[in-house]
Amino acid sequence: MSVANDRYSLWKLGITHVLNAAHGRMHCQGSHDFYGSTVDYHGVPADDSPAFDLSPYFFPSAEYIHDALDTPGARIVVHCAVGVSRSASLVLAYLMIHYRYSLLDAIKKIKEHRWIFPNRGFLKQLLALDMKLSTMPREEDTGKSDSTQTTLC
């Protein structure tokens, strides 16, 4: 959150896109007006509560991340207040949707780079996503492919 609220740090890091998983929450007041025309902003008004339904944001957030990473020279930061539950859950969903990682494999992949701790409600929703995706045809099975590579930090 502290870097996301520091436009100069974002500029130095070359950040072109911000996905705020705590949009409108205390200390996470990002907006298009805050970042101006140099950073594309997407806000998800999520509470870090096991009762909050984050699942409606899985596919739109995954598309936002995917589109950002598909833009030449773009760099994206995905954040929330602490960076271990809401934002981690959206990145997990991205890896599951676009790379067809299982939930367990997505968690392992992210934990190679940083510590995360999605709350139990988000984990249940991600597990439901995992089960849903396991019944859907993979993109390579439909003739589509995704050659985008992602670096997690």
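Sequential numbering from 1 along the given sequence is applied to the chain's residues. Hydrogens, waters and symmetry mates play no part in the numbers below; they use all other heavy atoms, side chains included.
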[Y] backbone acceptor or donor facing [X] side chain under 3.5 Å:
{"X": "Asp130", "Y": "Leu103", "answer": "yes"}
{"X": "Arg75", "Y": "Leu13", "answer": "yes"}
{"X": "Arg114", "Y": "Gly83", "answer": "yes"}

Check whether any side-chain heavy atom of [X] sits under 4.5 Å from a side-chain heavy atom of [Y], and report yes or no.
{"X": "Arg7", "Y": "Lys12", "value": "no"}
{"X": "Val39", "Y": "Thr16", "value": "no"}
{"X": "Thr38", "Y": "Trp11", "value": "no"}
{"X": "Ile76", "Y": "Ile15", "value": "no"}
{"X": "Val82", "Y": "Phe117", "value": "no"}
{"X": "Leu95", "Y": "Ile110", "value": "yes"}
{"X": "Leu90", "Y": "Tyr64", "value": "no"}
{"X": "Asn20", "Y": "Val44", "value": "no"}

Pairing residues for [X] by the side chain to side chain donor-acceptor pair (under 3.5 Å) criterion, not counting sequence neighbours:
{"X": "Asp48", "result": "Ser85, Asn119"}
{"X": "Ser102", "result": "Asp105"}
{"X": "Ser9", "result": "Asp6"}

Could you state the interatomic distance from [atom1] ([X]) to [atom2] ([Y]), rounded to the nearest 0.5 Å?
{"X": "Leu19", "Y": "Arg86", "atom1": "CG", "atom2": "CZ", "value": "12.0 Å"}
{"X": "Lys109", "Y": "Ile116", "atom1": "NZ", "atom2": "CD1", "value": "13.0 Å"}
{"X": "Tyr101", "Y": "Met96", "atom1": "OH", "atom2": "CE", "value": "12.5 Å"}

Assess, by modelled atom type and distance only, whether the side chains of Tyr41 and His23 contain a donor and an acceptor separated by less than 3.5 Å. yes

Side-chain donor-acceptor distances from residues 56-63 under 3.5 Å, at least two apart:
{"from": "Ser61", "atom 1": "OG", "to": "Tyr57", "atom 2": "O", "distance (Å)": "2.8"}
{"from": "Glu63", "atom 1": "OE2", "to": "His98", "atom 2": "NE2", "distance (Å)": "2.9"}

Do Tyr99 and Met131 belong together in a cluster built from hydrophobic side chains that touch within less than 4.5 Å? yes

Which side-chain N or O atoms in residues 120-129 pair as donor and acceptor under 3.5 Å with protein atoms at least two apart or in another chain?
{"from": "Gln125", "atom 1": "OE1", "to": "Leu54", "atom 2": "N", "distance (Å)": "2.7"}
{"from": "Gln125", "atom 1": "OE1", "to": "Ser55", "atom 2": "N", "distance (Å)": "3.0"}
{"from": "Gln125", "atom 1": "NE2", "to": "Phe52", "atom 2": "O", "distance (Å)": "2.9"}
{"from": "Gln125", "atom 1": "NE2", "to": "Gly121", "atom 2": "O", "distance (Å)": "3.3"}

Tell me the closest heavy-atom pair linking Ala46 and Ala21, and the distance in Å. CB-O, 3.3 Å

If you compare all heavy atoms of Leu92 against all heavy atoms of Ile107, which two are closest, and at what distance to 0.1 Å? CD2-N, 3.5 Å

